[in-house]
S.K.: 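Input: one structure, supplied below.
Below, all heavy atoms of this structure are taken into account, side chains as well, without hydrogens, waters or symmetry copies. The residues of the chain are indexed from 1 along the displayed sequence.
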Amino acid sequence: MEEDLEFDPSTVICEKCGGIVRFQGSGKYVCSECGHVVLDDFGKVKDFLEKRGPSNIAEISYATGLEKTVVAKLLMDGRVQVARQSVDGRICASCGVPINRGKYCSDCSAIIAAHKRSKKVEEQGKMHFLNKDRKK
């Protein structure tokens with residue numbers, strides 16, 4: 001298993017050889033000198049799912065050594081998804097149908113997005129005043 005390290009996408013020093021470690025994308029960091037690979041939390045989950053295939057939160061957590069809450073956050077952010085047959089009990093926060101990623105089902109996501117777009121268009125047409133509470 002790789003080290004349990006959190007990285008931001010910037011240049012860091014390799015703990016193996018002192019070389020420069022660069023972010024490669026998808027949670028993977030590689031040393032330009034020795035090739036040492038370090039994965040962040042997303043990288044660990046992605047690597048596991050690529051090797052093992054669809055899995056539920058408990059399996060991912062156990063295999064990667066990550067807390068279930070970390071895996072759940074990646075799921076809620078929509079960065080990963082659990083298998084359709086998963087028994088993790090994810091349901092849409094709006095209508096309650098079973099889902100395998102994010103907070104909302106695709107239908108509710110579309111409704112929310114349309115609502116946000118219409119609200120943005122509506123607000124663009126409104127006039128706003130600065131210092132409206134200011135006395136003359």
S.K.: To the nearest 0.5 Å, tell me how far Cys31 SG sits from Lys16 NZ.
M.R.: 11.0 Å

S.K.: Are the side chains of Val38 and His36 in touch, meaning some heavy atoms are under 4.5 Å apart?
M.R.: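 Counting from C-beta outward, Val38 and His36 do come under 4.5 Å.
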
S.K.: Taking the side chain as C-beta and beyond, is there a heavy-atom pair between Asp47 and Lys51 under 4.5 Å?
M.R.: yes

S.K.: Who are the side-chain contact (heavy atoms from CB on, under 4.5 Å) partners of Lys68, not counting sequence neighbours?
M.R.: Ile57, Ala58, Ser61

S.K.: Taking only residues two or more places apart in sequence or in another chain, which ones pass side-chain contact (heavy atoms from CB on, under 4.5 Å) with Ile112?
M.R.: Tyr104, Lys116

S.K.: Kindly write out the residues that satisfy side-chain contact (heavy atoms from CB on, under 4.5 Å) with Asp107, not counting sequence neighbours, or none if the list is empty.
M.R.: Cys105

S.K.: List the steps, then state whether side chain to side chain contact (heavy atoms under 4.5 Å, CB included) holds for Val30 with Lys28.
M.R.: CA-CA 7 Å; Val30 179; Lys28 184 177 182 180; 3.8 Å; yes

S.K.: What's the spacing between Leu75 CG and Lys103 NZ if we round to 0.5 Å?
M.R.: 11.5 Å

S.K.: What's the verdict on side chain to side chain contact (heavy atoms under 4.5 Å, CB included) for Ile60 and Leu66, showing C-alpha distance, side-chain angles and the deciding distance?
M.R.: CA-CA 8 Å; Ile60 296 168; Leu66 298 172; 5.7 Å; no

S.K.: If you compare all heavy atoms of Thr64 against all heavy atoms of Lys44, which two are closest, and at what distance to 0.1 Å?
M.R.: CG2-O, 3.7 Å

S.K.: If the condition is side-chain hydrogen bond (donor to acceptor under 3.5 Å, both in side chains), which residues does Lys46 pass it with, not counting sequence neighbours?
M.R.: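 Lys46 satisfies side-chain hydrogen bond (donor to acceptor under 3.5 Å, both in side chains) with Glu50 only.
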
S.K.: Mind checking side-chain contact (heavy atoms from CB on, under 4.5 Å) for Ser106 and listing every partner two or more places apart, or none if nothing turns up?
M.R.: none

S.K.: What do the steps show when you test Ile20 against Glu33 for side chain to side chain contact (heavy atoms under 4.5 Å, CB included), and what is the final call?
M.R.: CA-CA 7 Å; Ile20 297 175; Glu33 298 294 321; over 6 Å; no

S.K.: Got a sec: does the CD of Glu67 have more than 12 other heavy atoms crowding it under 6.0 Å?
M.R.: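 Counting other residues, nucleotides and ligands, CD of Glu67 stays at 12 neighbours or fewer.
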
S.K.: Can you find a heavy atom in the side chain of Leu39 that is under 4.5 Å from one in the side chain of Tyr29?
M.R.: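 No, side chains not in contact.
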
S.K.: Heavy atoms only: give me the nearest Ala63-Phe48 pair and the separation to one decimal.
M.R.: CB-CE1, 3.2 Å

